[in-house]
*Asks:* 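This is the structure I want to talk about, given as structure tokens.
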Amino acid sequence: MSNWTIRTEKYEKKRIAENGNRFLIGNGYMGIRGTLEEHTKAYLPAVNLAGIYDKVGDKWREPLNAPNGLKTWVCVDGQYFGLPETEPSEHVQTLDFRRAVHSRETTWRTPKGKITIQSLRFCSMENLHLLAMEWCVWADFEASVDIYSGIDADVWDINGPHYAKLDLNEMNGVLCATGYTSEGQAVSTAEGIRLQFEAHSDVLISEQEIVRKISFSAEPDRKYTIQKTAAVYTSKDTADYRKKAISEVEAALEYSFEESLAAHEKAWEKIWASSTVTIQGDEKAEHAVNYSLYHLNSIAPRHADNLSVSARGLSGQTYKGAVFWDTELFVLDFFLNTNPKVARSLVQYRIETLPGALDKAREYGCDGAFYAWESQEGGFDACTDFNVVDVFTGRPMRTHFRDKQYHISAAVVYGIVEYYNRTGDMDILISGGFNVIIECAKFYYSLIYKKLDDVAYSLLDVVGPDEYHERVNNNGYTNRMAKFNFESAVWALSVLSEQQMAQAAKDEADCLIEKFKAAADSIFIAQPDENGIIEQFDGYMKLEDISVADLKKRLLDEKEYWGGAYGIASGTKIAKQADVVAWLSLFPNDFPKAVMKENYLYYMDRTEHGSSLSASMFAGVACRCGMPNSAYPLFMKSACVDLKGGGKQWAGLIYIGGTHPAAAGGAYKTLVYGFGGLHFDGETVTAKPNFPDNWERLRFRVWHQGKLYEVDETKQNTTIKLLSV
Ligand code: IFM
């Protein structure tokens, strides 16, 4: 029986931020950080919302955190008991990630006796606007108890405060806090409780908080339980956000806590029915992968048909809640395989944000579509020209993520093509997908450059996924992706030409086909040198060859940024994540296995893995080279990033902690494609085990072309069964 929980049995103040990510619960609409009910904003609690943003002054635009409807704390005989202020004698925090239920139990031993609080909460997967919690307190002595429970609108923000105005009020026993942003959006949290005992209750309203004070005399060893329900609605959901939040709470209070919990658990069971992974022979890996998939399932935008997922999921405002290339290259496959409707939403988001990409291309004097590096709604690029803060001067540093990471447009195209290959959904292509592919190809076409004497076209002045080396020429990954984009556009235009089309449009399509064919054929694609090594970009081989360990010794400050003009890595071969390996992981048939292996080994020694995306790309290539045992630690590194509360926490002085959907998705891809050898060819699904030594059996389900399959592999035998749905 697999272990579906994570647990911590001690309370460490220094791990509050990390535990906020590890113990997160979410349902795609919102994510509730795994902080404790009594926590004020100093401890980073958040009810982080998907797809709604705000900008304050000239600070970064970021997603909103809703007023916190879970806020609850207790005073016993006039003394506050809560963490971290009052040191506990016992503390247990648990996440049951099969049921998506968070719980905690904390005990204090006082001269009068023991006091314990306990809570259990969930973010409903059945009704995505609802949060519910059962909270109780008991003491083994007679005591006078005050429970304070309500809504805290003094929310944690990185670049806030976002609520320029707050309305706090109570009606018929339901509390409501509505925040109005300077961009004209509003967020309402309503909250209601069920009391399981007799008490005196008052509503207290302060500037940023509305709470009930529930006072009673507690008998020794009797549990006093409150059941709380909160609902969140925003002005993006409905014009009646406040009314809706209140009526949702009233409706939910008609049901018992147990009934709401059961409905939530049932919804999760359905999700797990298509996404559980079983690994016989390796419980640790099975636990880590399913935990990673829990996080992906918790951020899936099931409630929308045009939303995507952000680089730190719903764990807070890090990375501005923006969508990166992470979605298409690391996360999309999980949803293609387990929930194609969600995959469609991720793709549709890009189709609908094309206008933003067209504008961005114009801004830089280019044709076509240049997608946002950090994409918010409408394709708005939240990335700034100064995206890192220098630790020494405290000044923003000029970086070129926004204006030179051209590879983002081709990543969007890659996602659309993948989605089509896996679903056969021609509608999405006709209704916008083809257009994106063509516009992105036009973008690269307007960038490629050739001197009179050159044979090939170059792509100059770019930043590849290895962000430490800025403004380089002919970055291997970017050029290869541009070639892919040109080829995809030729296909798109050919399909469109076969449709009913006016002669002028046909002529235009023919002309573009010719241009893109020529571009695909003549863009520079680096080839292996005499040792089989592919140069990451022009001139890379001339850079200083140094080990990561030796380079690290040059750091003057542990938070120092490694890239940019003065970064310690810039003049060396050390990459943040290896672009050539990224290339090979996507196009494994470009070169023979021996070349792949040489490059894997070469770049492994020269990669810092400063991005949580890096390890899974290496793992995928190791599997392709027939080295599953070498892939294994890299796979586990990706699968365990959030489990261990790892990943980089700082880029210069910018906090970048949170959950890591791309690492989770990358681990999943390594599992099914790398170790499971899963392969799709037209309608056909095949799998060929390529297991690490200790694995005995691997089982998972995948959707392909509208059909659901169960893949069951042992080292000797593979069965792929079509399931009836
Ligand atoms: O998209 C990545 C990028 O490749 C490296 N820095 C973090 C981003 C978000 O995960």
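Excluded from the calculations below are hydrogen atoms, water molecules and symmetry mates; all remaining heavy atoms, backbone and side chain alike, are included. Every number for a ligand or one of its atoms is a count from 1 in the order of the listing. Numbers here are sequence positions counted from 1.
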*Asks:* I'd like to know if E183 pairs up with R61 as an ion pair, taking the criterion as any Lys NZ or Arg NE/NH1/NH2 lying under 4.0 Å from an Asp or Glu carboxylate oxygen.
*Replies:*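 Looking at E183 and R61, the cut-off is met.
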
*Asks:* Can you name the atoms of ligand 1, numbered from 1 with element, that are less than 4.0 Å from a heavy atom of A311?
*Replies:*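 Once the distances to A311 are compared, the set is 9 (C), 10 (O).
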
*Asks:* Closer than 4.0 angstrom, basic N to acidic O: yes or no for K320 and E374?
*Replies:*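 Salt bridge present between K320 and E374.
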
*Asks:* Should the pair R480 and F587 be classed as cation-pi, given the thresholds of under 6.0 Å to the six-membered ring centre and 45° from the axis?
*Replies:*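 Verdict for F587: a cation-pi partner in R480.
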
*Asks:* Can you tell me which residue and heavy atom of the protein come closest to atom 1 (O) of ligand 1, and the distance to 0.1 Å?
*Replies:*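 The closest one turns out to be D326 OD1, 2.7 Å.
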
*Asks:* State the atoms of ligand 1, each with its element, that fall below the 4.0 Å cut-off from a heavy-atom position in K576.
*Replies:*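 Counting from 1, the qualifying ligand atoms are 5 (C), 6 (N).
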
*Asks:* Give the residue, atom name and distance (to 0.1 Å) of the protein heavy atom nearest atom 5 (C) of ligand 1.
*Replies:*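 For this ligand atom, the closest protein heavy atom is E467 OE1, 3.5 Å.
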
*Asks:* Heavy-atom distances under 4.0 Å are what count here, so tell me which part of H660 touches ligand 1: side chain, backbone, both or neither.
*Replies:*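 Neither; nothing of H660 gets under 4.0 Å from ligand 1.
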
*Asks:* Using a strict threshold of under 4.0 Å (side-chain N to carboxylate O), is an ion pair present between D403 and R398?
*Replies:*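 Judged by the 4.0 Å cut-off on N to carboxylate O distance, R398 and D403 do form a salt bridge.
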
*Asks:* Ion pair present between K360 and D381, side-chain N to carboxylate O less than 4.0 angstrom?
*Replies:*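 A salt bridge links K360 with D381.
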
*Asks:* Between ligand 1 and W325, is the shortest N or O to N or O distance under 3.5 Å?
*Replies:*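 Among all N and O atoms of W325, at least one is under 3.5 Å from an N or O of ligand 1.
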
*Asks:* Is it the side chain, the backbone, both or neither of I656 that has a heavy atom closer than 4.0 Å to ligand 1?
*Replies:*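 For I656, there is no contact with ligand 1 at all, from either part.
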
*Asks:* Give the residue and atom name of whichever protein heavy atom lies nearest to atom 7 (C) of ligand 1, and the separation in Å to one decimal.
*Replies:*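 The closest heavy atom on the protein side is Y319 OH, 3.2 Å.
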
*Asks:* I'd like to know if D545 and R606 make a salt bridge, using a cut-off of under 4.0 Å between side-chain N and carboxylate O.
*Replies:*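 Salt bridge: yes.
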
*Asks:* Is Q577 close to ligand 1, meaning an N/O of one under 3.5 Å from an N/O of the other?
*Replies:*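 Yes, Q577 has an N/O under 3.5 Å of an N/O on ligand 1.
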
*Asks:* Please identify which of these residues, E608, M617, H609, meets the side-chain contact (heavy atoms from CB on, under 4.5 Å) condition with Q577.
*Replies:*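 The single option meeting the side-chain contact (heavy atoms from CB on, under 4.5 Å) with Q577 is M617.
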
*Asks:* Considering only heavy atoms of F324, which atoms of ligand 1 have at least one such atom less than 4.0 Å away?
*Replies:*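 Atoms satisfying the 4.0 Å criterion: 1 (O), 8 (C), 9 (C).
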
